[in-house]
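Side chains included, hydrogens not; waters and symmetry mates left out as well; all remaining heavy atoms used.
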Amino acid sequence: MAIAGGQRRRLLLPLIVTAVFVLSAASPARAFYLPGVAPRDFQKDDELQVKVNKLSSTKTQLPYDYYFLDYCKPEAIKNSAENLGEVLRGDRIENSVYNFKMRRDETCKVVCRTKLSPEAAKNFKEKIDDEYRVNMILDNLPVVVPRQTREGSQTPSFEHGYRVGYKLKDDKYYINNHLSFKVLYHEDPNSPDARIVGFHVIPSSIKHEYGAWDDKNPTVQTCNANNKITPGSHTPQDVVPEAYVVFSYDVTFEASEIIWASRWDVYLLSSDSQIHWFSIINSLMIVLFLSGMVAMIMMRTLYKDIANYNQLDNQDEAQEETGWKLVHGDVFRPPVHSGLLCVYVGTGVQFFGMTLVTMMFALLGFLSPANRGGLMTAMVLLWVFMGVLAGYTSSRLYKMFKGTEWKKITLKTAFMFPGIIFAVFFFLNALIWGEKSSGAVPFGTMFALFLLWFGISVPLVFVGSFLGFKQPAIEDPVKTNKIPRQIPEQAWYLQPAFSILAGGILPFGAVFIELFFILTSIWLNQFYYIFGFLFIVFIILIVTCAEITIVLCYFQLCSEDYHWWWRAYLTAGSSALYLFAYAIFYFFNRLEITKLVSGILYFGYMLIISYAFFVLTGTIGFYACFWFVRKIYASVKID
């Protein structure tokens with residue numbers, strides 16, 4: 001029974017409507033707005049509004065809302081997070097009291113005066129201890145703090161966000177309550193318009209002096225147009241309960257030769273390109289080594305074996321042969337837990353499709369860091385829509401194994417992997433919620449994720465499964481014997497545990513250098529935008545997984561062991577164990593996480609990443625071995 005065109009359209013229409021609804025719910029401001037794509041032109045004295053983002057720390061990995069601390073607040077706080085990805089990342093983009101006039105410098109502009117309650121002082125001290133940074137945004141550009149360049153280096157370097165404050169050896173805490181902003185702009189020679197191309201800040205701590213305080217017209221005696229504040233130039237403002245803290249800022253505008261299209265270069269500047277090339281060359285050497293082995297097996301051994309085998313006069317002579325040819329009657333026997341294998345292969349195809357399309361979008365520039373949350377949003381939506389591939393592949397494989405309960409397999413495909421991921425994610429989210437962090441996903445977004453899962457992904461898995469099961473079953477190139485053949489005793493190096501663990505080393509070795517940069521971008525708040533390198537490494541990973549699985553599968557069949565289905569999946573998938581082991585090494589050697597909750601979050605998220613990597617690499621290895629086995633047994637004559 002085929003689905004007619006009109007019926008197919010009727011099936012897909014509700015899914016499309018649901019997707020649009022979910023996106024609109026998650027993005028109340030502008031559902032399909034791509035920030036950073038279109039430049040904005042500003043004329044002199046145009047209003048510029050600085051937005052505040054989360055407080056972030058590499059020591060705790062727990063983001064907090066900017067107004068969690070007792071900073072100056074506008075009359076009405078408005079949240080302007082624009083997509084699902086921003087919410088999942090813990091971004092909380094809100095308006096602030098910092099408002100500029102384009103190309104109009106201001107000196108010692110007083111924002112407000114606050115009295116620190118004991119609770120507020122305690123919060124400031126905790127955030128200073130944990131080295132929290134304040135993230136601000138102007139015209140979609142994050143604020144950066146210039147830092148001293150190394151000797152001999154011509155390239156300026158910057159830190160993302162400025163520190164809440166600092167602590168000296170006297171165990172006193174000081175708050176950065178004065179901000180010296182510098183806005184870089186590029187002038188249009190043919191018009192009075194200009195575009196913002198840089199947003200810098202230098203924070204300072206100053207204990208402002210003032211006379212009678214007037215909230216409507218606040219003035220201080222500590223600074224004026226002739227006396228600019230620089231770090232260490234005045235007595236710093238310490239953090240003590242019941243103390244009054246005056247917040248102020250300077251802003252200067254500076255013309256720049258940087259054009260608008262290049263304004264993100266300073267954020268994405270990578271001085272480690274040589275390391276990436278070394279990584280790729282290292283991985284290519286692994287690929288060349290494996291390709292040589294596969295070529296040797298295919299060209300020398302297999303063709304010779306097949307030619308000799310096809311020249312045998314009778315079956316009695318064939319029985320005298322040893323090796324992979326002897327197990328032709330058992331090699332396509334369905335494995336134990338064949339249904340579970342179908343589920344994992346279908347999930348792996350879904351994940352592979354999501355990864356491939358995401359990288360394509362990233363290479364085309366759609367997922368640049370200027371589009372905050374774009375990468376996360378794209379991955380979630382692509383995962384949902386790739387459900388049709390998961391259903392199709394799992395049901396096709398299940399039918400090849402002579403299975404009949406395709407609906408049960410479809411349900412497992414739709415719920416097993418996402419269910420495990422969601423359970424871990426929900427537990428981690430509860431921990432974040434308990435810490436009162438802004439990184440906790442709100443109930444509305446959780447509902448939107450459920451709607452994407454149950455409203456779109458699950459129906460698409462069923463549509464794919466229905467279409468796949470209606471296809472004719474994949475026929476085996478040789479017949480399967482009714483009685484299973486006895487497997488001879490295997491050498492120690494061909495035992496499943498050793499073979500599987502050894503098989504994961506090379507795929508991990510092909511990617512581990514690039515993995516360092518990915519972990520740094522995730523856990524050390526760096527921007528990752530070298531998708532060209534990443535795509536090359538991804539292709540190398542695919543080739544490495546395929547080739548190592550084929551080589552080990554051939555050795556296994558030569559030893560007359562025909563249980564290759566699960567072993568092919570686990571051989572490549574075992575690289576996830578090495579990934580998680582590297583994550584442990586990275587935690588103790590690169591991170592400064594001290595909080596228990598932060599450590600649980602790190603290992604929880606790395607467990608999710610490793611599990612996804614297992615499913616991806618395992619599926620690549622399985623299909624490579626599946627193709628190889630079918631190819632070689634289709635090449636021999638079987639009576």
Side-chain angles (χ1 to χ4, degrees), residues 35-56 66 71-72 74 80-82 86 91-109 111 132-149 155-164 176-188 193-204 228-231 247-269 368-373 525-527 529:
V37 173
R40 289 183 62 191
D41 295 318
F42 297 96
Q43 295 186 347
K44 190 170 184 181
D45 289 333
D46 278 356
E47 189 82 18
L48 299 177
Q49 187 179 61
V50 175
K51 293 182 179 180
V52 289
N53 198 349
K54 60 190 175 186
L55 307 170
S56 59
Y66 174 81
Y71 285 120
C72 304
S80 58
E82 291 167 333
E86 282 184 307
D91 288 347
R92 298 293 183 267
I93 318 290
E94 296 164 321
N95 58 324
S96 74
V97 293
Y98 298 99
N99 297 303
F100 310 150
K101 298 284 187 183
M102 183 66 180
R103 294 161 73 178
R104 186 172 293 279
D105 295 354
E106 290 190 271
T107 304
C108 205
K109 176 89 172 178
V111 180
Y132 270 84
R133 290 180 171 273
V134 180
N135 297 281
M136 293 182 166
I137 297 167
L138 177 64
D139 189 36
N140 203 41
L141 273 182
V143 72
V144 291
V145 180
R147 59 184 172 197
Q148 290 182 338
T149 55
T155 310
S157 58
F158 299 91
E159 295 175 345
H160 302 300
Y162 67 89
R163 289 200 173 189
V164 170
N176 285 322
N177 59 324
H178 180 86
L179 304 176
S180 299
F181 293 107
K182 181 164 74 172
V183 180
L184 305 180
Y185 63 91
H186 183 76
E187 291 183 280
D188 186 341
D193 295 339
R195 292 174 179 173
I196 294 173
V197 295
F199 185 35
H200 302 172
V201 69
I202 297 176
S204 306
K228 280 202 168 186
I229 297 172
T230 57
F247 291 90
S248 58
Y249 71 90
D250 302 327
V251 59
T252 56
F253 288 83
E254 185 178 298
S256 172
E257 295 298 318
I258 300 171
I259 60 172
W260 186 88
S262 304
R263 67 179 191 159
W264 272 87
D265 288 359
V266 68
Y267 301 91
L268 309 177
L269 194 62
S368 76
N371 179 16
R372 284 186 313 277
N525 293 339
Q526 302 294 319
F527 287 109
Y529 195 55

(message) Let me confirm one number: the CZ-CG distance from F199 to L141, rounded to the nearest 0.5 Å.
(response) 9.0 Å

(request) Can you measure from CD (E106) to CZ (F181) and round to the nearest 0.5 angstrom? (result) 11.5 Å

(request) Report yes if the side chains of Y66 and N53 come closer than 4.5 Å at any heavy-atom pair, otherwise no. (result) no

(request) For residues M102 and Q43, report the shortest heavy-atom separation together with the two atoms involved. (result) CB-O, 3.3 Å

(request) Taking the six-membered ring for Trp and the full ring for Phe, Tyr or His, determine whether the centres of Y249 and F100 are under 6.0 Å apart. (result) yes

(message) Test side chain to side chain contact (heavy atoms under 4.5 Å, CB included) on L179 and V134; report intermediate values, then the result.
(response) CA-CA 11 Å; L179 304 176; V134 180; over 6 Å; no

(message) Could you tell me if the side chain of D250 sits less than 4.5 Å from the side chain of H178, heavy atoms only?
(response) yes

(message) Show the nearest heavy-atom pair for residues V197 and I258, with the distance to one decimal.
(response) CG1-O, 3.5 Å

(message) Can you tell me how far apart CG (N140) and NZ (K51) are? Round to the nearest 0.5 Å.
(response) 8.5 Å

(request) State whether D41 and R195 are salt-bridged, where the test is any N-O pair (Lys NZ or Arg NE/NH1/NH2 against Asp/Glu carboxylate O) under 4.0 Å. (result) yes

(message) One thing to verify: whether D139 and R263 come together as a salt bridge, which I'm taking to mean a side-chain N less than 4.0 angstrom from a carboxylate O.
(response) yes

(message) Nearest 0.5 Å, please: how far is CZ in F253 from CG in L184?
(response) 10.5 Å

(message) Tell me every residue that passes salt bridge (Lys or Arg N to Asp or Glu O under 4.0 Å) with K44, counting only those two or more places apart in sequence or in another chain.
(response) none

(message) Are Y185 and F42 an aromatic pair, judged by ring center distance below 6.0 Å?
(response) no

(request) Check whether any side-chain N or O of N177 sits under 3.5 Å from a backbone N or O of S248 as a donor-acceptor pair, and report yes or no. (result) no

(request) Give a yes or no on whether E47 atom CD has more than 12 heavy-atom contacts from other residues, nucleotides or ligands under 6.0 Å away. (result) yes

(request) Could you pull out the closest heavy-atom pair between N176 and R163, with the gap in Å? (result) ND2-O, 2.8 Å

(message) If I take atom CH2 from residue W260 and atom CZ from residue R40, how far apart are they, to the nearest 0.5 angstrom?
(response) 11.5 Å

(message) For a quick test of reading the model, state the closest non-hydrogen atom pair linking H160 to R133 and the distance between them.
(response) O-CD, 3.3 Å

(request) Determine the minimum heavy-atom distance between S256 and H186, stating which atoms define it. (result) O-ND1, 3.0 Å

(message) Could you report the tightest heavy-atom contact between V145 and G161, atom names first, then the distance?
(response) CG2-O, 3.3 Å

(message) Between S96 (side chain only) and V50 (backbone N and O only), is there a donor and an acceptor less than 3.5 Å apart?
(response) yes

(request) Hey, can you tell me if Y71 and F247 have their rings parallel, tilted or perpendicular (30° and 60° cut-offs)? (result) perpendicular

